[in-house]
Enquirer: 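After the structure tokens below, expect a handful of questions from me.
The analysis underlying the following values was restricted to heavy atoms, covering all of them including side chains, and did not include hydrogens, waters or symmetry mates.
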Amino acid sequence: MSRVVMESPVEVRGTMVAALSRASVGVEGLKTRLLGWGRKEPVALLMADRTGMRATAPGGEPLTEAEIEALCPGAWAAFHAASRHLRG
């Protein structure tokens, strides 16, 4: 199972940042035991300051609002609401 989630936003010096991460977990049953695994990897960064909001891929390439929504529906609106106080 794999899904993308928005991590809790963090604010430092007038800039808010939140990561979108793909979380994967799995379990396999063996004869006498279970084998479990998990993995978490960043897929995007959301940033906001008084100039507005923006998003990038982990490598720094810009991402659009539509791309963020495709990765994690509702994340753009939730981050916008959480960072509203930065834009006055």
Side-chain angles (χ1 to χ4, degrees):
M1 181 171 113
S2 174
R3 66 185 183 127
V4 175
V5 297
M6 184 173 81
E7 305 295 338
S8 297
V10 177
E11 186 178 340
V12 177
R13 297 183 183 170
T15 300
M16 186 172 279
V17 178
L20 297 186
S21 300
R22 184 177 315 282
S24 306
V25 296
V27 176
E28 186 175 333
L30 304 175
K31 287 183 181 181
T32 59
R33 59 188 97 146
L34 291 174
L35 174 65
W37 55 270
R39 178 180 176 167
K40 194 177 219 184
E41 61 183 316
V43 295
L45 291 173
L46 301 176
M47 294 160 281
D49 56 24
R50 64 185 131 142
T51 65
M53 280 181 45
R54 59 203 169 280
T56 65
E61 304 85 12
L63 295 173
T64 66
E65 179 180 348
E67 290 171 315
I68 294 300
E69 284 301 300
L71 287 169
C72 185
W76 189 271
F79 189 71
H80 185 270
S83 63
R84 186 178 318 265
H85 68 282
L86 295 172
R87 293 182 298 282

Enquirer: Closest heavy-atom contact between Ala78 and Met6?
Expert: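 Closest approach of Ala78 to Met6: CB-CE, 4.0 Å.
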Enquirer: What are the two closest heavy atoms between Ala75 and Ile68, and how far apart are they?
Expert: CB-CG2, 4.3 Å
Enquirer: Return the CG to CZ distance between Leu86 and Arg50, rounded to the nearest 0.5 Å.
Expert: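 That separation rounds to 10.0 Å.
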Enquirer: According to a hydrophobic-cluster definition based on side-chain heavy atoms being under 4.5 Å apart (Ile, Leu, Val, Met, Phe, Trp, Tyr only), do Val43 and Met47 belong together?
Expert: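 No, because Val43 and Met47 fall into different hydrophobic clusters, even though each may have its own neighbours under 4.5 Å.
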Enquirer: What is the distance from atom CG of Leu46 to atom CE of Met16, rounded to the nearest 0.5 Å?
Expert: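 Spacing of CG (Leu46) from CE (Met16) equals 11.0 Å.
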Enquirer: Nearest 0.5 Å, please: how far is CD in Glu11 from OG in Ser83?
Expert: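 Separation between the atoms: 9.0 Å.
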Enquirer: Which atom pair, heavy atoms only, marks the closest approach of Pro42 to Pro58?
Expert: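 Nearest pair, atom of Pro42 first, then Pro58: O-CG, 3.4 Å.
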Enquirer: Mind checking the CH2-CD spacing from Trp76 to Glu69? Nearest 0.5 Å is all I need.
Expert: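 Taking CH2 in Trp76 and CD in Glu69, the distance rounds to 9.0 Å.
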Enquirer: Taking all non-hydrogen atoms of both residues into account, name the closest pair between Gly29 and Leu34 and its distance.
Expert: CA-CD2, 3.7 Å
Enquirer: Could you tell me whether Asp49 and Arg54 make a salt bridge, using a distance below 4.0 angstrom between a side-chain N and a carboxylate O?
Expert: yes
Enquirer: Where do Val17 and Val12 land on the side-chain contact (heavy atoms from CB on, under 4.5 Å) test, with the steps shown first?
Expert: CA-CA 8 Å; Val17 178; Val12 177; over 6 Å; no
Enquirer: Measure across Ala48 and Met53 and return the closest heavy-atom pair with its distance rounded to 0.1 Å.
Expert: CB-CG, 3.8 Å
Enquirer: So how far is it from Glu7 CD to Lys40 NZ, rounded to the nearest 0.5 Å?
Expert: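 Glu7 atom CD to Lys40 atom NZ measures 3.5 Å (nearest 0.5 Å).
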Enquirer: Please test Leu35 against Arg33 for side-chain contact (heavy atoms from CB on, under 4.5 Å), starting from the C-alpha separation and ending with a verdict.
Expert: CA-CA 7 Å; Leu35 174 65; Arg33 59 188 97 146; over 6 Å; no
Enquirer: To the nearest 0.5 Å, what is the distance between CG (Leu45) and CZ (Phe79)?
Expert: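 So the CG of Leu45 and the CZ of Phe79 are separated by 9.5 Å.
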